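As structure tokens, the structure follows; a few thoughts come after it.
Please read all numbers here as calculations on a predicted model, not as lab measurements. Throughout, a chain's letter reflects where its sequence line sits, starting with A, and its residues are numbered from 1.
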Amino acid sequence: VTVNAAKGRLLGNDADLALLRRIAEHDEAALETLYQRYGAELLAALTLLLYDRSAAEDALQVVMLTVWRKAGTFRGESAVATWLHAIARRQAMSANRKVSPTLPIPDENLLTADAPDDSDQSDHEALQAALRRLPDIERRAIDLIYAQELTIAQAAGRLGIPVNTVKSRLLRARQALRRWLKHEDIDYA
Amino acid sequence: MRDEFVHDAIEPLLIEYAAGVLNADGRRKVESHLMDCDSCRHALEEWRQIADAARRETPSQALPPLDWQRIKGETPVILAHPRGVQPRRTLFQFAMPAAFVALMIGAAMLFAMMGGGGPSNNGNFAAAPNIEQRATEVPVAQPSATSTVSPDAQPVFPTPTMTVEPTVAPPDDVEPFNGFNLKAIPPDVRPVIVAANNIENGAVIKPHDLTVYLIFTDLVPEGAEFNPEDIVYTIARSNISCGQILTLDYSVTNARDVPVGQSILGDVQGCQNIERTYRPGMGGVSRDYDGRLYPQPVGETANVLLFTRDIVAGSVITEEDVALAPDYPIELVPPYAATDPELIVGRTLIAPVLSGQIVAFIPMREHTNVVIMQETVEMPEDAQVGESFDVYTTGDDPETGILVVSGAKLTYMENGGLILEVPQEYGPALQELASDKAPIQLVPSE
């Protein structure tokens with residue numbers, strides 16, 4: 001997480017709105033600032049939605065292009081971050097249907113994978129593989145909180161769903177992942 | 001009971017604690033609770049493992065720099081080629097004599113000095129020209145997906161490469177919803193989105209399919225989406241009846257936020273006279289993450305005009321020459337496509353068209369330069385830079401040759417090469433003819 005991103009979160013939505021207003025007047029520096037603030041998390045979200053890093057990078061440029069052109073039409077009914085993620089989501093859907101007639105299908109072997117063996121490395125891999133197989137909304141919530149370091153409330157805003165839904169989805173995800181989690185007795189002394 | 005209450009309250013804090021985003025107050029609460037709660041310690045350890053896995057899954061990588069060229073619309077993005085129209089070969093796929101390459105480089109430098117001449121892409125659907133602008137434009141043909149030319153047949157005129165607006169957001173003039181001031185809503189009610197039409201499974205949900213209702217908060221189903229922008233232009237995952245509240249179906253694995261209906265309300269006013277403007281399932285079938293099949297959306301459509309017969313350049317267009325084609329896939333509609341026959345009838349064509357081609361305007365103010373080797377060109381000996389010419393090809397004289405474009409301006413003529421300034425849409429096609437060394441004839445324009 002960059003300093004800029006952390007600063008952006010502290011500054012909150014008012015600062016974002018000010019940026020959008022400047023972008024609407026075609027202030028290039030403002031778009032760069034917004035990009036530094038949200039680019040990383042948008043790229044992560046797009047990568048999850050598109051299953052492909054380079055397609056996500058391309059989609060991210062289109063998202064920023066859309067922001068550049070549409071900043072003036074933002075009606076302020078949601079947080080700026082929510083709006084950005086909504087644009088990203090729409091872009092991902094259209095990229096999915098344009099680029100690939102069929103989406104990648106997970107390896108059947110992974111779905112029926114045996115319980116993980118003892119080595120640390122394969123534990124990690126098995127857990128990551130399990131993470132990849134979570135429903136999108138759960139996986140994106142986990143990514144927003146743990147990889148992008150957002151709070152539950154912020155993640156709910158990004159996903160455009162109620163906070164309680166995020167909580168219940170996270171609990172469901174942990175339930176689904178339990179099989180791949182280590183259950184040693186942990187000494188907290 | 002009390003224990004359960006405490007666990008319920010502490011679990012979200014554990015999630016944020018493991019992420020390191022919890023505030024100091026919350027951290028103290030968690031730490032004191034962990035002292036004497038085994039199950040929460042286990043839960044926290046599990047969240048930490050999930051956090052580690054999530055961080056490994058999404059390694060922080062450097063952001064690519066912003067593509068300003070693209071953002072400012074300086075790079076045309078080619079997204080779609082009409083069916084049956086092959087992408088044009090580029091200049092560099094042809095073997096070129098060294099002299100020609102040198103000429104190209106020289107020409108490029110010349111363009112730079114002249115301050116422009118490169119293609120400038122205006123490809124923005126939203127910026128379709130208004131009527132005043134159209135008065136200065138001339139209708140010409142665009143390649144059509146429904147053209148009946150056989151694949152072997154050489155088109156009369158090389159169809160230009162089509163460039164379309166890279167974003168696929170709904171057009172600007174479609175307001176998904178009237179402004180909705182969330183702050184003005186009383187605390188015990190919440191807006192929900194209600195279907196105003198019957199929406200078939202697999203259909204693209206259009207703005208006019210939705211309406212907003214205020215209902216008591218405790219009646220709001222889980223996952224009820226209150227941001228219309230998240231729902232319009234997504235795909236319905238089930239048959240949705242008029243009057244149902246739209247929710248995101250979280251119970252469906254990897255549903256990608258696909259809305260489904262949830263029956264709460266009765267009939268909604270306006271559910272009669274259901275207007276079907278979508279074509280369910282016409283976009284083909286795709287597989288989602290779980291390998292299940294689901295219909296692809298058709299996407300946006302537009303009404304366009306098509307030419308009904310082959311017409312030679314210079315003809316005045318009559319009412320019988322064009323026909324309205326509704327619901328044309330928007331990816332295949334060129335910018336500046338004409339939709340109103342009245343604006344077309346009575347105008348003069350500057351290039352020949354084929355039956356089935358989409359009627360579109362070419363903004364005459366956008367030009368591009370085409371480099372041609374003089375040895376392939378037949379032109380009047382007294383031709384001067386600055387004069388305008390009609391460009392003919394594959395014929396010995398204008399009587400048998402085919403008019404490619406009229407009014408091309410000669411802007412450079414030296415060292416065995418010349419440069420013609422032509423409407424931007426014709427640039428790639430003419431350049432390809434030139435690099436194919438097709439015989440080209442220039443005849444002074446009237």
Can you check whether A:L60 reaches B:L63 side chain to side chain, under 4.5 Å on heavy atoms? yes

What one should report as the nearest heavy-atom pair of B:L66 and A:M64 is CD2-CG, 3.5 Å

Select, from A:L171, A:L177, A:D143, the one with the greatest count of heavy-atom pairs under 4.5 Å involving chain B. A:L171

Taking C-beta and beyond as the side chain, do A:L43 and B:P64 meet within less than 4.5 Å on heavy atoms? yes

So which heavy atom on B:R55 is nearest to which on A:A147, and how close? CG-CA, 4.4 Å

Check B:A19 against A:E149 and note the closest heavy-atom contact, atom names and distance. O-CG, 4.4 Å

Report yes if some heavy atom in the side chain of B:D52 is under 4.5 Å from a heavy atom in the side chain of A:Y146; otherwise report no. no

Pair A:R178 + B:E46, salt bridge at N-O below 4.0 Å: yes

Quick one, B:E16 and A:I145 - any side-chain contact, counting heavy atoms below 4.5 Å? no

Could you tell me which of A:V67, A:I152, A:V63 has the largest number of non-hydrogen atom pairs under 4.5 Å with chain B? A:I152

Contacting moiety of A:A153, where chain B heavy atoms sit under 4.5 Å: backbone

Distance check, rounded to the nearest 0.5 Å: B:I50 atom CD1 versus A:L127 atom CG? 7.0 Å

